[in-house]
Amino acid sequence: MQRRQIEEHLPGLRRYARVLTGNAWEADDLVQDTLERACRKWLLWRVGSDLRAWLFTLMHNLYLNQRRTVAPVQWQDLETVADRLQAPGDARDTAIDLERCLQQLPAEQRAVLLLVTLEDMDYAEVARVLQVPVGTVMSRLSRARARLKELMDITPTPPRVPSEMPRVALHRLK
Amino acid sequence: MKHASSPSDDTRLHALADGRAIPAGVGTEPLGTEAEARVRDWQLQRGQLRALHADLAHTPSPEPLRASAERLQTHLDAQAAWLRWGGMAAAWLLAFGLGWFMHGYNAATAGPSLAQAVPTGFVRQAAWAHAVYQPEQRHPVEVGAAQQDHLVQWLSKRLGRPLKVPVLSTQGFELVGGRLLPGDASARAQFMYQNAAGQRVTLYLGALPETAAKTPAQFSFHAEGPVSSFYWVDDGFGYALSGDLPREVLLALATAIYPQL
């Protein structure tokens with residue numbers, strides 16, 4: 001087995017966690033917890049099986065557990081200032097909207113959607129990672145895609161305004 | 001939102017949007033305008049999602065994460081190494097242990113029930129006993145066939161169970177006689193047969209240790225140098241028919257013996 005195997009998965013795990021949680025600190029904490037958990041559970045990993053899938057499974061279970069015990073991140077700030085967010089309507093803006101809308105999806109739907117798109121896993125692999133039947137994956141995917149589209153459609157397109165003020169508002173959100 | 005489509009339609013649309021193979025059994029008819037629009041939306045959505053935090057793929061991870069990753073890597077490497085060496089050790093054990101037992105394991109059509117492991121010792125002792133006494137011209141047996149009654153009585157007493165001497169005339173083999181031999185824990189008996197060509201086979205039998213006796217055996221084939229043996233277990237007794245004969249001939253003889261015991 002070649003060294004650095006885990007380290008190769010790190011950027012992918014971090015990115016997925018970042019989009020899943022919608023928060024940079026929470027994301028790295030989740031990755032850290034995942035690695036710690038893997039260190040405790042490494043005997044359960046079968047050599048030769050899919051390491052990436054195993055790590056994603058651990059991460060997903062941790063994420064759901066944490067969400068059950070910890071109060072969800074407060075996104076109301078963003079909601080209330082949404083109509084004051086007037087960045088130019090560029091790609092960066094879309095990305096912010098998209099992340100905000102993603103957080104409004106149920107966690108299970110968000111996970112399915114991100115594994116399929118961000119991680120480009122096939123549906124059977126997603127089913128293995130999330131430990132649910134493929135049928136469940138497909139129905140969650142349908143709901144996630146439809147709901148996300150809906151949320152993005154109703155997101156008010158902010159009026160284009162000269163670019164001094166918006167960045168301030170954005171910084172406060174972190 | 002309203003979707004008039006069935007789940008299988010959605011499956012096809014997802015596959016199209018994600019660039020996955022369309023599963024078999026999903027419709028192939030042309031997409032409606034509404035469905036086409038949905039695929040386009042999803043493709044756009046997919047592209048936007050994939051662009052999120054793409055920079056993280058090239059950003060060095062924070063040191064604590066790298067340290068944890070390193071620690072996990074060490075565990076997994078250790079596990080892989082352990083399995084590799086452990087696997088080899090297991091293979092050796094298998095070769096030296098079970099290998100003997102299962103060597104040439106043969107599932108005969110007629111015969112006793114399933115075998116898992118055959119006590120090596122018994123079969124090898126049978127083969128050695130065959131090798132020792134088969135070439136003997138003057139004293140191949142202790143008690144000759146002429147005194148068959150006496151032979152059977154004597155061996156039955158020493159082995160602690162009424163014995164029968166199988167008849168192999170149909171197969172062209174006549175009883176030469178028998179002898180008593182030492183076994184691991186109890187006495188063993190050897191019956192010798194000879195055909196017109198002077199070829200000899202021996203039937204070696206005796207009580208097995210309880211553990212081995214509990215393992216009902218099919219005919220299993222065992223080769224020890226030039227001596228081939230078929231071995232089976234029946235009612236706590238082990239039987240090995242040995243001879244320097246082709247496997248099929250030996251199996252035919254064993255098959256003839258089995259129902260006579």
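So you know, we letter chains A, B, ... as the sequences are listed, proteins then strands, and number each from 1.
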Colleague: Can you tell me how far CG of Asp153(A) sits from CG of Asp41(B), rounded to the nearest 0.5 angstrom?
Modeller: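 Nearest 0.5 Å value for the CG-CG distance: 7.5 Å.
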Colleague: Answer with side chain, backbone, both or neither: which region of Ala67(B) has an atom nearer than 4.5 Å to a non-hydrogen atom of chain A?
Modeller: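 For Ala67(B), there is no contact with chain A at all, as no heavy atom is under 4.5 Å.
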Colleague: Output yes when a side-chain donor or acceptor of Arg50(B) lies under 3.5 Å from a complementary backbone atom of Thr117(A), and no otherwise.
Modeller: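 Yes; judged by distance alone, with no hydrogens or angles, the pair exists.
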Colleague: Could you report the tightest heavy-atom contact between Ser61(B) and Pro11(A), atom names first, then the distance?
Modeller: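 Looking at all heavy atoms of both residues, the closest pair is OG-N, 4.5 Å.
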Colleague: What option among Thr34(A), Leu114(A), Asp28(A), Leu13(A) has the most heavy-atom pairs under 4.5 Å with chain B?
Modeller: Asp28(A)
Colleague: Under 4.5 Å from any heavy atom of chain B, what part of Leu148(A) do you find: side chain, backbone, both or neither?
Modeller: both
Colleague: For Leu118(A), is it the side chain, the backbone, both, or neither that has a heavy atom closer than 4.5 Å to a heavy atom of chain B?
Modeller: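 Leu118(A) touches chain B through backbone and side-chain heavy atoms alike.
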Colleague: For Arg15(A) versus Leu56(B), what's the shortest heavy-atom pair and its separation?
Modeller: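 In this case the closest contact between Arg15(A) and Leu56(B) is CA-CD1, 3.6 Å.
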Colleague: For a salt bridge (Lys or Arg N to Asp or Glu O under 4.0 Å) check, start with the C-alpha distance between Arg46(B) and Asp120(A), then their side-chain angles and the critical distance, and finish with the verdict.
Modeller: CA-CA 10 Å; Arg46(B) 181 185 163 91; Asp120(A) 199 26; 2.6 Å; yes
Colleague: Determine the minimum heavy-atom distance between Ala69(B) and Leu35(A), stating which atoms define it.
Modeller: N-CD1, 3.8 Å
Colleague: Is the backbone of Gln5(A) close enough, under 3.5 Å, to the side chain of Gln73(B) for a donor and an acceptor to pair up by distance?
Modeller: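 Side chain of Gln73(B) to backbone of Gln5(A): a pair is present.
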Colleague: Work out which heavy atom in Glu36(A) is nearest to a heavy atom in Ser68(B); give both atom names and the distance.
Modeller: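 Glu36(A) and Ser68(B) have their closest heavy atoms at OE2-OG, 2.9 Å.
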Colleague: Check the pair Arg145(A) / Gln45(B) against side-chain contact (heavy atoms from CB on, under 4.5 Å), numbers first and verdict last.
Modeller: CA-CA 8 Å; Arg145(A) 282 183 153 154; Gln45(B) 201 183 62; 3.4 Å; yes
Colleague: Could you look at Arg20(B) and say if it's the side chain, the backbone, both or neither that has a heavy atom under 4.5 Å from chain A?
Modeller: side chain
Colleague: Which atom pair, heavy atoms only, marks the closest approach of Leu52(B) to Glu99(A)?
Modeller: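 Answer, listing the atom of Leu52(B) first, then Glu99(A): CD2-CG, 3.8 Å.
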Colleague: Report yes if the side chains of Leu49(B) and Leu102(A) come closer than 4.5 Å at any heavy-atom pair, otherwise no.
Modeller: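 Yes. Closest side-chain heavy atoms under 4.5 Å.
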